[in-house]
Amino acid sequence: RLLQTANQGKKRNNDELFLFCRLSLTKGHFPTLAECAHFHYEIVDFGSVQLSLSEDQNHLTHNGLDSKESVYLVQICCQGRKWIVRRSYEEFRVLDKHLHLCIYDRRFSQLPELPRIDSLKDKTLSQMLTAYISRLSAIADNKINCGPALTWMEIDNKGNHLLVHDESSINVPAVAAAHVIKRYIAQAADELSFEVGDIVSVIDMPPKEDTGWWRGKHGFQVGFFPSECVELISEKIPSNVTNSLAKPAGSIDLNVLFSLSVVSKKHGKLITFLRTFMKSRPTKQKLKQRGILKERVFGCDLGEHLLNSGHDVPQVIRSCTEFIERHGVVDGIYRLSGISSNIQKLRHEFDSEHVPDLTKDNYVQDIHSLGSLCKLYFRELPNPLLTYQLYEKFSDAVPAATDEERLVKVHDVIQQLPPPHYRTLEFLMRHLSRMGTYSAVTNMHCKNLAIVWAPNLLRSKQIESACFSGTSAFLEVRVQSVVVEFILNHVDVLFSPKLSTLIRHSTAKNEEPFTLRGF
């Protein structure tokens with residue numbers, strides 16, 4: 001409330017604006033990206049997102065703050081709803097980092113890497129951010145499953161606004177609870193109304209010598225109220241609260257009043273315990289250092305797993321494929337299944353963050369268990385290696401008339417894969433391509449490898465949920481195998497920087513389509 005009397009309205013507005021700006025910059029109610037645990041949603045369905053700088057930008061960004069602390073008002077539009085988020089330039093850089101670490105390759109996104117603010121001018125900064133979010137709006141869709149990136153925009157995986165109110169006051173944790181001892185009717189839109197006996201959660205509680213107004217939550221409303229109208233709740237319910245309870249006709253049930261007192265006392269102690277527990281809880285990094293918290297490998301989102309492990313590709317895939325290339329050139333590799341007990345032992349060791357000794361006799365003699373383990377890893381990914389979001393695009397790319405047209409379309413879709421998926425796909429395809437050269441021994445040429453691998457790499461969520469069978473299921477498997485076989489047969493071309501450059505130049509100059517003879 002900041003002021004005690006109505007005739008000081010002008011000063012009140014100025015003070016509130018200062019307090020609002022200060023809270024927004026230093027103690028924002030919404031967590032910063034650095035404070036958010038890194039996670040990926042398994043299912044994302046919000047369509048598209050549009051971002052733009054608000055028209056009220058100048059009022060907030062240059063309100064006595066230097067450029068390093070400037071706040072930019074970004075309007076988010078998703079599923080017909082709009083809201084404003086306040087983000088600093090450094091928070092823009094963090095967003096860019098997450099987008100290109102987990103979601104996009106810069107060759108596809110065409111988003112410039114945001115430089116340090118020291119090398120920029122204010123005018124250049126605004127123009128650059130305007131261009132940046134304009135390009136981001138053009139490509140932002142359901143491929144963004146990175147939790148911190150969506151948190152930056154205050155969106156959940158269904159496209160809902162994460163905050164109830166623009167200032168997110170309802171999400172601010174209370175510092176105390178109070179019961180109403182004096183009825184109050186709101187005199188302004190930012191005040192609360194309540195009756196004697198109501199419970200209020202206090203958010204801001206300045207000393208009474210500074211101001212007579214506190215700020216709190218009552219139900220789903222947030223606002224100011226006179227501090228004299230409430231009394232902080234102690235472990236014992238005050239008599240004036242028990243007296244304000246509705247009394248049934250006849251005598252008062254003292255057992256009921258006693259029960260209420262006991263419940264309130266336990267509740268107060270529970271809240272105190274939970275507050276102490278949350279404040280003393282060690283960080284995720286400390287838990288990992290102590291060996292208490294271990295990241296799972298199988299069934300974990302690929303981008304999340306690689307970010308937590310610090311590897312370019314999953315260690316389980318690298319270890320097993322390298323061992324198979326040395327010892328697994330045998331008949332039926334990747335087609336025949338290994339012994340179930342060996343597969344489970346290997347899975348348990350990799351899930352325990354240990355790289356097992358694959359040279360043991362039981363693994364060397366059962367090399368198929370390593371091949372089965374690799375396929376199992378990809379089969380259990382929450383989002384397949386070629387992703388649910390790009391399934392239709394891959395399916396539409398393979399029926400092209402010529403190999404050149406098909407190559408351009410498949411290459412374009414591959415460039416849209418998130419970086420962790422792109423790196424892992426390239427590693428796996430190059431491995432399988434090398435294994436295909438031993439088909440005279442293994443009887444597993446590229447076509448056969450594609451048939452056994454495709455269902456683990458390319459899946460459709462709609463088809464899985466519909467539980468297709470018979471002819472539909474057969475056609476689905478055929479589409480999957482054709483896509484994977486095409487990638488295997490052209491792995492050196494599809495993952496060559498030369499192809500990207502050639503396609504870009506041909507498109508820019510409207511030249512005749514290139515041919516494969518140059519590769």
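Bear in mind that the values here come from a model prediction, so they are computed numbers and not experimental data.
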Worksheet item: Does the gap between the ring centers of Tyr422 and Phe495 come in under 6.0 Å?
Response: yes
Practice prompt. Without swapping roles, check the side chain of Glu91 against the backbone of Ser88 for a donor-acceptor pair under 3.5 Å.
Written response: yes
Worksheet item: Residues two or more places apart in sequence or in another chain: which of them pass side chain to side chain donor-acceptor pair (under 3.5 Å) with Arg379?
Response: Asn456
Worksheet entry | Any Ile324 side-chain heavy atom under 4.5 Å of Tyr334 side chain | yes
Discussion item. Suppose we screen for side chain to side chain donor-acceptor pair (under 3.5 Å). Which residues come up paired with Asp312, at least two apart in sequence or across chains?
Written reply: none
Worksheet item: Residues two or more places apart in sequence or in another chain: which of them pass side chain to side chain donor-acceptor pair (under 3.5 Å) with Ser433?
Response: none
Worksheet item: Would you call Val316 and Phe298 a side-chain contact if the rule is heavy atoms closer than 4.5 Å?
Response: yes
Item to complete: Check side chain to side chain donor-acceptor pair (under 3.5 Å) between His40 and all other residues, then give those that pass, not counting sequence neighbours.
Response: His38, Asp301
Worksheet item: What are the two closest non-hydrogen atoms of Gly299 and Pro382, and how far apart are they?
Response: O-CG, 3.3 Å
Worksheet item: Where the side chain of Ser48 meets the backbone of Asp141, is there a donor-acceptor pair that is under 3.5 Å apart?
Response: no
Fill in: Donor-acceptor under 3.5 Å (Ser137 side chain, Leu51 main chain)
yes
Discussion item. Using the ring centroid of each side chain, check whether His490 and Phe486 are separated by less than 6.0 Å.
Written reply: yes
Discussion item. Check whether Arg93 reaches the backbone of Leu114 with its side chain - one donor and one acceptor, N or O, closer than 3.5 Å.
Written reply: yes
Practice prompt. Scan side-chain atoms only and decide if Thr387 and His421 contain a donor-acceptor pair under the 3.5 Å cut-off.
Written response: no
Item to complete: Mind checking salt bridge (charged side-chain N to carboxylate O under 4.0 Å, His left out) for Lys447 and listing every partner two or more places apart, or none if nothing turns up?
Response: Glu485
Discussion item. Test: salt bridge (Lys or Arg N to Asp or Glu O under 4.0 Å). Region: residues 418-432. Which pairs qualify, not counting sequence neighbours?
Written reply: Glu426-Arg430, Arg430-Asp492
Worksheet item: Among side-chain atoms of Gln389 and Asn383, is any donor-acceptor pair under 3.5 angstrom?
Response: yes
Discussion item. With heavy-atom distances below 4.5 Å as the criterion, would you say the side chains of Ile139 and Leu111 are in contact?
Written reply: yes
Worksheet item: Any donor and acceptor pair, going by atom type alone, linking the side chain of Asp45 with main-chain N or O of Lys158 inside 3.5 Å?
Response: no
Fill in: Asn142 side chain vs Phe46 backbone, donor-acceptor pair below 3.5 Å
yes
Discussion item. Just so I know, are the side chains of Trp214 and Ile203 near enough to count as touching, which here means a heavy-atom distance under 4.5 Å?
Written reply: no
